[in-house]
Each structure stands twice: as C-alpha cells, then as structure tokens.
Amino acid sequence: MKIILAILLFIITFFSFAYIADVVVIDKDYAIDKCLQSFVDVHRSPAATSFFYGITFGGSPLFLIPAYLILIAIYVSKKRKRTAINIAIVGLSSTAILFLLKEIFKRHRPYNPLIQAVNSFSFPSGHSFSSFTFYGVIIYLIWKGRMQQWKKIVITALLILLAATIAYSRVYLRVHYPSDVIAGFCLSIVWLILSFAVLTRRRLFKNS
C-alpha cells in the first residue's frame, strides 16, 4: 500500500511540476501567479514582513549547509556512516538538480523584491525545494527510527509547517513567483521519492 501511495504521489507531483514548467514558465501564462500574488499582497503588514524576513533564513544555504553537516556528524558519531553518506548524497544531488533546472529555464525573478535582490534565476524556488528536501530527509529518518508514533506525527507536522512557511516567505518577500515555490515543493517530493527508492533498493537507507 505504501508503495502504491508513493507511486501516485510521485506521478502527481511530477506532472504538476511539468505542467507549471510548460504553461507558466515556457508559455508565460501568468494568471495563476497574478491571482496568488494578489492574495499575498492583501495580507501584508510590517509585523508579518519582519517575521517572514527572519523565517526565510531557514531555507538559505547559510542555514542548510551547516544543518546538513550537523546531521551528518550526528550519524557519524553514532557510527552509522552509511546513513551519513546517504544524507550527503541526497543533499548534494538535490543541489545539483536545482542549479541545473535554474540554468535550463532561466526565469528571471520579480522586479520588486522586499529584500536585497537575488541574482540567481527564479524557477524553481531554491528555498522551497531545499527546505522541503532537507526536512523531508529528517522526517524519513524519524519514521525509520523507534520514536513513539504520536511524537513522529507531531514532529512531521511541525517540520512540514516550517518548510511550507519558508516557501511562503519567498512569495511574501517577492523574491519568487508563487509558481516557483509550488514547483519547488513538487520537485522536492519527486526527488525525495526517487532518492529513497534508489538508495533503499541499493540497501543504503535500510536499517539506518
């Protein structure tokens, strides 16, 4: 049953990403972006701006690189080097695919950001993709562990909420279009499922 659900989720998110890339980015149909951005702009306030300015750091390389290194170090210290290596594989491969896609699509960012302008391309959102990927790895490891079921559920919900908030902050701060963030989320799910499937098949994440 879990395999069927994973396959269905993979198909849905893969074709969602493909649809956004084709219709929004390539064909330049910005109706979805305009609608969602208008909703975000209506709910803007100084307090919310300060909050999202801080929370967006959780999806930046300045946070995620040390976070990956700490996570890897934890598993090395537990003498679970195989798991540590595979965490590094997921992190490095996700970074590579992110920059590859940005160079392929070359979508420019919004022209009126609320924070210092970012020079890299916009599609897909790196903060969205990277945060969902990193916290997705943690969720996977938690569910492979022996923690109580209710604790797993609570931590999973909190991590998903955190990643979603980071993704939303990129639209709020106008450094990404809504479609960039949605695509980043879809790509993250696709990449996590694919990575876990490959690593598990190669016995890299088993008994981690």
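Screening residues 95-104 for side chain to side chain donor-acceptor pair (under 3.5 Å), with sequence neighbours left out, gives Glu103-Lys106.
Shortest non-hydrogen contact noted between Ser122 and Arg109 is CB-CG, 3.6 Å. Here the closest non-hydrogen pair linking Tyr53 and Leu173 is CA-CD1, 4.1 Å. In terms of heavy atoms, Asp33 sits closest to Arg107 at OD2-NH2, 2.8 Å. When all heavy atoms of Thr83 and Tyr75 are compared, the closest pair comes out as CG2-CD2, 3.7 Å. Of all non-hydrogen atoms in Val181 and Ser128, the two that sit nearest each other are O-OG, 2.8 Å. Gly58 and Leu64 make their closest contact through O-CD2, 3.7 Å (heavy atoms, listed as atom of the first residue, atom of the second, distance).
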Intermediate values then yes/no, side chain to side chain contact (heavy atoms under 4.5 Å, CB included), Phe134 and Leu71: CA-CA 10 Å; Phe134 175 70; Leu71 186 61; 4.1 Å; yes
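Checked against side chain to side chain donor-acceptor pair (under 3.5 Å), Tyr172 has the following partners two or more places apart in sequence or in another chain: Thr49. With sequence neighbours excluded, no residue forms a side chain to side chain donor-acceptor pair (under 3.5 Å) with Asp29.
Atom-to-atom distance recorded for Leu159:CG and Ser131:OG is 11.0 Å, nearest 0.5 angstrom.
Remark: side-chain polar atoms of Ser60 are paired, donor with acceptor, to backbone N or O of Phe57 under 3.5 angstrom. A donor-acceptor pair under 3.5 Å links the side-chain atoms of Ser94 to the main chain of Val90, judged by distance alone.
Considering only heavy atoms from C-beta on, Leu141 comes within 4.5 Å of Ile87 through its side chain. No side-chain heavy atom of Tyr177 sits less than 4.5 Å from a side-chain heavy atom of Val171. Residues Phe39 and Lys34 form no side-chain contact, since every pair of their non-hydrogen atoms from C-beta on lies 4.5 Å or further apart. Using a 4.5 Å cut-off on side-chain heavy atoms (C-beta onward), His127 and Val175 make no contact.
Of the candidates Leu5, Ile4, Leu9, Ile3, Ile7 forms a side chain to side chain contact (heavy atoms under 4.5 Å, CB included) with just one, namely Ile3. Test Trp191, Phe10, Trp143, Tyr140 against Phe196 for ring-ring contact (aromatic ring centres under 6.0 Å, His included) and you get one pass: Tyr140.
Phe14 CZ: 12 or fewer foreign heavy atoms inside a 6.0 Å radius.
A salt bridge does not link Arg170 to Asp180: none of the charged side-chain nitrogens sits closer than 4.0 Å to a carboxylate oxygen.
Aromatic ring centres of Phe185 and Tyr168 lie farther apart than the 6.0 Å criterion allows.
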